[in-house]
Amino acid sequence: MAHAHESNTGRIWKVFWFLSAVTIVEVVLGIFKPEALHMTNFLGTNLLNWIFIILTLVKAYGIVWAFMHMEGETAALRRSVVWTVIFLVIYLTFILLTEGNYIYGVFKNSTIKWNF
């Protein structure tokens, strides 16, 4: 008995519009840089950067969920994949912010010039 092929055109368009909307929000925020977000620091960086990080994670999760077919997998597999990635991204973000703050402090208080 053959399985009927199910068209996913509507689902693909929903994912396309969702990812497009998130990207448009990122681009608009990047172009206009609202001063309330750009000049307010939170946990070592400004709020605008945090919004970019969160929106990028949302897009990555949406891509994995839709195009890697994670919604059809068991809960244990979904959790093992998603939690590992979330932990890795949080860890790398922490390293990036910590080291960036250290480098800024070294160059700010020294005679070494900013040549990059």
Side-chain angles (χ1 to χ4, degrees):
M1 194 168 200
H3 294 279
H5 180 68
E6 191 176 314
S7 177
N8 287 325
T9 305
R11 183 172 163 271
I12 291 171
W13 279 108
K14 287 177 189 173
V15 172
F16 170 76
W17 289 116
F18 170 73
L19 294 174
S20 295
V22 174
T23 302
I24 289 169
V25 168
E26 287 179 332
V27 169
V28 167
L29 286 174
I31 290 172
F32 292 110
K33 289 185 183 177
E35 217 171 299
L37 298 175
H38 185 61
M39 301 307 259
T40 305
N41 285 330
F42 179 71
L43 294 177
T45 189
N46 61 41
L47 287 177
L48 190 59
N49 285 345
W50 282 113
I51 290 173
F52 287 145
I53 290 168
I54 291 168
L55 289 176
T56 301
L57 290 175
V58 167
K59 283 195 322 187
Y61 184 80
I63 290 168
V64 169
W65 186 260
F67 296 117
M68 294 179 71
H69 308 289
M70 291 301 284
E71 75 272 14
E73 298 295 338
T74 62
L77 179 64
R78 283 194 312 250
R79 287 186 191 121
S80 66
V81 170
V82 171
W83 289 355
T84 303
V85 171
I86 288 173
F87 173 75
L88 181 64
V89 167
I90 290 171
Y91 176 70
L92 292 174
T93 303
F94 170 77
I95 294 287
L96 177 75
L97 294 175
T98 303
E99 294 300 320
N101 191 32
Y102 170 76
I103 290 172
Y104 175 76
V106 166
F107 280 106
K108 179 181 172 190
N109 298 324
S110 71
T111 58
I112 301 171
K113 293 184 178 183
W114 293 86
N115 57 357
F116 53 87

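Keep in mind the model is a prediction, meaning the values are calculated, not measured.
Put simply, Phe32 and Ile51 are part of two different groups of oily side chains (I, L, V, M, F, W, Y) that touch within less than 4.5 Å, one to the next. Clustering ILVMFWY residues whenever any of their side-chain heavy atoms sit less than 4.5 angstrom apart, transitively, puts Val64 in a cluster other than the one holding Val15. Residue Tyr61 is grouped with residue Val81 when hydrophobic side chains (ILVMFWY) are merged at heavy-atom distances under 4.5 angstrom, including chains of intermediate members. There is a path of hydrophobic side-chain contacts, each under 4.5 Å, that joins Trp65 to Ile86. Under the 4.5 Å side-chain heavy-atom criterion for grouping Ile, Leu, Val, Met, Phe, Trp and Tyr, Leu97 is not connected to Leu92 through any hydrophobic cluster.
Not a single salt bridge (Lys or Arg N to Asp or Glu O under 4.0 Å) links Lys33 to another residue, sequence neighbours left out. Listed by chain and number, the residues in a side-chain contact (heavy atoms from CB on, under 4.5 Å) with Leu96 amount to none (sequence neighbours excluded). The salt bridge (Lys or Arg N to Asp or Glu O under 4.0 Å) search around Glu35 returns none, not counting sequence neighbours. With sequence neighbours excluded, the residues satisfying side-chain contact (heavy atoms from CB on, under 4.5 Å) with Val85 are Val89. Residues satisfying the side-chain hydrogen bond (donor to acceptor under 3.5 Å, both in side chains) criterion with Thr56, sequence neighbours excluded, are Glu26. With sequence neighbours left out, the ring pair (Phe, Tyr, Trp, His ring centres under 6.0 Å) criterion links Phe94 to no other residue. With sequence neighbours excluded, the residues satisfying side-chain contact (heavy atoms from CB on, under 4.5 Å) with Tyr91 are Ile95.
Between the CG atom of Asn49 and the CD1 atom of Ile54 there is a distance of 11.0 Å, given to the nearest 0.5 Å. Rounded to the nearest 0.5 angstrom, Leu37 CG and Leu29 CG are separated by 6.5 Å. In this structure, the separation between NZ on Lys14 and OG1 on Thr9 is 11.5 Å, given to the nearest 0.5 Å.
Taking 4.5 Å as the limit, every side-chain heavy atom of Met68 sits out of range of all side-chain heavy atoms of Ile63. Within the 4.5 Å cutoff, side-chain heavy atoms of Thr93 are placed close to those of Ile53.
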List the atom pairs, donor and acceptor, that lie under 3.5 Å between side-chain atoms in residues 16-25 and the rest of the protein, sequence neighbours left out.
residue, atom, partner, partner atom, Å
Ser20, OG, Phe16, O, 2.8
Thr23, OG1, Leu19, O, 2.8
Thr23, OG1, Lys59, NZ, 3.2

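Residues in residues 61-77 take part in these salt bridge (charged side-chain N to carboxylate O under 4.0 Å, His left out) pairs, two or more places apart or across chains: Arg11-Glu71. Sorted by first and then second residue, the side-chain hydrogen bond (donor to acceptor under 3.5 Å, both in side chains) pairs with a member in residues 74-87 form an empty list; sequence neighbours excluded.
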